[in-house]
Amino acid sequence: MKPSQVLAKMFIGLVAVTGLMAVLRPLAATNEVWSTRFVCYFLLALLSSGLKVSLPGVTGTLSVSFLFILASMAELGALQTMAIGVGSALVQIYWSAKKRPPLYQVSFNLASIAIAIRFAQAAMHWAAALEVSLPFQLLCATAAYFIANTIPIAIAIAITEKRGVYTVWKECYFWALPYYLLGATLVCVLHWVNQNLGWEFSLLAMPVAWVVYRSYRLYIGRLETEKERVEQEKEHVDEMNSLHLRTIETLALAIEAKDQTTRDHLRRVQHYALEIGREMGLSDSELNALRAASLLHDIGKLAVPEHIITKPGKLTPQEFEKMKIHPVVGAEILEQVNFPYSVAPIVRAHHERWDGNGYPLGLSGEEIPLGARILSAVDCLDALASDRQYRRALPLDQAMEVVLNESGKSYDPRVVEILAKRYRQLEDEAIRLSKPPSKLSVDARIERGKAPAAGFASTVSQDQQRDFHSQIAAAGREAQYTLELVSELGSSLGMAEMLSVLSSRLTQLIPCDSIAVYERKDNLLQPVYVDGRDRMLFSSLQIPLGEGLSGWVAKHNQPILNGNPSVEPGYLNDPKKFSLLRSALSVPLAGQENTVGVLTLYRADADAFAPDHLRILSGISSKIGLSFENALKYRALEASATTDYLTGLDNTRALFERLNHELSRSESEQAPLTVMVCDLDRFKEVNDRFGHSAGNRVLQAFATGLRKINRDYDVTARFGGDEFVLVLPGMQADTVGDKILALSALASEVGWSVCGENIISASVGVASRPDDGITADELLAEADRRMYANKNSLKLKRPIGRVPEELRVAVQ
């Protein structure tokens, strides 16, 4: 027998004994006369006991017989009142009962009535001793009767159902208190009638009792209607919760279809997380959110390429960057579901760290939702204790040690403390609760369906039908050409040379009508080499990463065999860009760390490339990729060797190369050549007053203006520091006056633009090639000497205020 049942029986026995004593006491001390009035009241009480209503929430009834019990307290003696109360209780128990109640229930109810009557009589005598009016006496008696009659029943129900006594009493009985107080008012009226008109008129109280009964029924009916409405709403909420649960399970199946290793992992994590959440005092809504998030925290992996998820090794930095999007994508997916609790914030934050070094938001400490803190710790423990593609599972105790070492760094110390205390118990429970999961038919073979609308990728090219002699000869040529290609690529460093070798050798291995090499620049593919049919068309393409044929290859780092060239962006559905090329073979070119470009071969025939062509190209693509990356680096070094890093103008080395070239051309053609040297005055003051950052902006703005002033074929260079050189082919020294004005205006405008005041001016020296045989050094030295010797004559005085509009040069 359960402890609650034992306690309930003991309480029922105590009430029964107390009720028996309440009945026996008036029997021993009374000499009351059984009058006609008593008989009438007794019969009225018995009749009114049949007018009963069922109580909401419990198995019990309430009748209007309490009116005559109260009237008996005011008009009759204690024993007569007790007889009326017990008699009416017996009728109420057995009248129209659906089944015969057990004896202990009858005893308990009769005892409760007897105790209530004794309490009510005691309250009425206490009030009478205070010499208060009869209405106040009846009010005290009514309150005592109501409390003493309902509290024992509420206690019995609370013990049986393991609920709070006050909660049961308030829900099941408190609503009836106004009717008891109304009954006290009616008894006061009945007492006045008896005193003034005779007790016989009290027989008219029966219709009043019926009215009270009907009002009871109507009120109970409204309660029942409201209860049904609440139950319907609760049923609707339960249906919605069930729908959300089915949605969760469906989404979890989607995760399992993508990553089979997560199947058992998700369910174990859910059990761990919910148990820890309960111990940490999470509300029902928070537990529901944690329940959903435990199953769906990896749903964002649907946006991660499968080859990254299933990779049997360590991820590269680029692959990890792609993997890091899954909390954000998962939260965005779940925000569309409209869960009635906060699931998305937990999913978004389940890779945050306690010390703030997690992702995607870098939250720390209490900023991280508690559900996410719980989930991250248990997720790590179970992941370490489970087999993965890239490692074997750790023993559970060893995995727990790893989590403990990260307490206060990666994980909430409170969560780790609870997990360390209960992980063994939770693991045993998870094993017992585990069920064989339903297996998705991801490996099923579907017999129906002949072919996709676009047809199959061809596995045999049109020129592949050859005898075995031809195949043996082709294999020999393939080995020879491949060796030659790899060898020559290794010795080619310049971009043009490398791509020329690639084109000539590769077309011997794989016949094609066009070849294109695209360089990846940020999120764009740009052609660096195109040869063959439709050369101009492919040279004009700018392909966004992920779009078109070559863009897809670059984004997914996967080759395409016999793709459609017409899907390249800028070419698709453009009637002005028409091509007869019908098939393409495209492979990514991988550098040391990431994809640096794409190599695409085109042919006019549909499905012209064979799997052997893809095999050959894939086999040498890594070597091509490294050679292409080296050529890109070499090109960048070449550019940096002739370009000033700050202004983008020619540097000193490039200046001398181009000046020597211009001198040679000027001498051979007997054409004029002028050199201008320009120095920015007070530039040191700019650095001292505004900082070197402002000085750099001055140089960059001045260089931008020089490009606007000069012609396309003029040479513009930074000579060092704040000196600039302009080489002007075809111009005499006496024709550069406008240039000098423009340079001075530009210097002043740059000062206003960067420093906000007229602080910069320009000193200019000009020298022309006087005769044959002068060197670049001599010409520059002459211009420099003239600049310093004639500062006052060749330099415009610094203007006051802004430069006139006609002399101003736009500075960006």
Side-chain angles (χ1 to χ4, degrees), residues 305-308 316 318-319 457-459 461 464 478-479 481-486 488-490 492 495 498-521 523-532 538 541 543-569 571 581-603 605-632:
E306 189 171 353
H307 70 272
I308 295 178
T316 65
Q318 292 74 28
E319 290 170 339
S458 176
T459 58
S461 67
Q464 198 179 5
E478 176 187 322
Y481 292 154
T482 302
L483 181 61
E484 292 175 353
L485 172 60
V486 171
E488 293 187 27
L489 283 177
S492 302
M495 178 66 75
M498 191 277 294
L499 293 176
S500 177
V501 168
L502 175 64
S503 177
S504 62
R505 292 298 184 184
L506 190 58
T507 52
Q508 293 175 338
L509 279 169
I510 306 175
C512 63
D513 297 311
S514 293
I515 179 172
V517 179
Y518 300 96
E519 175 190 358
R520 178 176 177 177
K521 290 185 176 181
N523 291 322
L524 202 65
L525 288 182
Q526 297 179 341
V528 294
Y529 180 85
V530 179
D531 191 24
F538 288 108
L541 297 183
I543 304 175
L545 201 65
E547 296 186 17
L549 185 144
S550 300
W552 186 92
V553 170
K555 180 177 181 180
H556 297 281
N557 200 32
Q558 299 290 328
I560 284 184
L561 175 65
N562 289 322
N564 184 2
S566 65
V567 300
E568 299 287 23
Y571 175 23
L581 299 175
R582 290 294 176 266
S583 58
L585 172 60
S586 184
V587 294
L589 299 179
Q592 291 183 340
E593 294 183 354
N594 52 22
T595 300
V596 294
V598 173
L599 170 61
T600 305
L601 307 180
Y602 302 97
R603 291 193 64 173
D605 299 324
D607 299 329
F609 295 102
D612 276 348
H613 295 146
L614 176 59
R615 173 184 58 79
I616 294 170
L617 197 55
S618 297
I620 60 176
S621 63
S622 60
K623 178 62 178 176
I624 298 173
L626 292 174
S627 298
F628 185 57
E629 184 178 42
N630 290 335
L632 290 173

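Side chains are part of it too, since the values below use all heavy atoms of this structure and drop only hydrogens, waters and symmetry mates.
- Leu525 CG to Glu547 CD: the interatomic distance, rounded to the nearest 0.5 Å, is 10.5 Å.
- To the nearest 0.5 Å, the span separating CD1 on Ile510 from CZ on Arg505 amounts to 14.5 Å.
- In this structure, Asn562 contributes its side chain and Ala608 its backbone to a donor-acceptor pair below 3.5 Å.
- Counting heavy atoms from C-beta on, the side chains of Asp513 and Arg603 come closer than 4.5 Å.
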Worksheet item: Stepwise, does the side-chain contact (heavy atoms from CB on, under 4.5 Å) test hold for Val598 with Ile543?
Response: CA-CA 11 Å; Val598 173; Ile543 304 175; over 6 Å; no
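- Annotation: the span from Ile624 atom CD1 to Leu502 atom CG amounts to 5.0 Å, rounded to 0.5 Å.
- Between the Ser503 side chain and the Leu499 main chain, no donor and acceptor come within less than 3.5 Å of each other.
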Practice prompt. Check the pair Thr507 / Leu601 against side-chain contact (heavy atoms from CB on, under 4.5 Å), numbers first and verdict last.
Written response: CA-CA 9 Å; Thr507 52; Leu601 307 180; over 6 Å; no
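- The two atoms that bring Ser621 and Leu589 nearest to each other are O-CD2, 4.0 Å, heavy atoms only.
- What you find for Pro511 and Phe609 is that their closest heavy atoms are O-CE2, 3.7 Å.
- Note that CG of Asp612 and CG of Leu617 are 12.5 Å apart. Values are rounded to the nearest 0.5 Å.
- Side-chain contact between Val553 and Pro559 is absent, with no heavy atoms from C-beta onward closer than 4.5 Å.
- Listed here is the closest heavy atom pair of Ser550 and Tyr518: OG-CE1, 3.5 Å.
- Residues Leu549 and Ser586 share a closest heavy-atom pair of CD2-CB, 3.5 Å.
- Considering all non-hydrogen atoms of both residues, Thr595 and Arg520 come closest at O-CD, 3.4 Å.
- The side-chain heavy atoms of Asn594 and Asn557, taken from C-beta on, include no pair separated by under 4.5 Å.
- Between Pro565 and Gly563, the shortest heavy-atom distance links the atoms CD-O, 3.4 Å.
- Annotation: the span from Leu585 atom CG to Leu561 atom CG amounts to 6.0 Å, rounded to 0.5 Å.
- Aromatic ring pairs are classed by plane angle as parallel below 30°, tilted from 30° to 60° and perpendicular above 60°; the pair His556 and Trp552 is tilted.
- For Phe628, there are no ring-ring contact (aromatic ring centres under 6.0 Å, His included) partners at least two apart in sequence or on another chain.
- Using modelled atom types, one side-chain atom of Ser583 and one backbone atom of Asp605 make a donor-acceptor pair closer than 3.5 Å.
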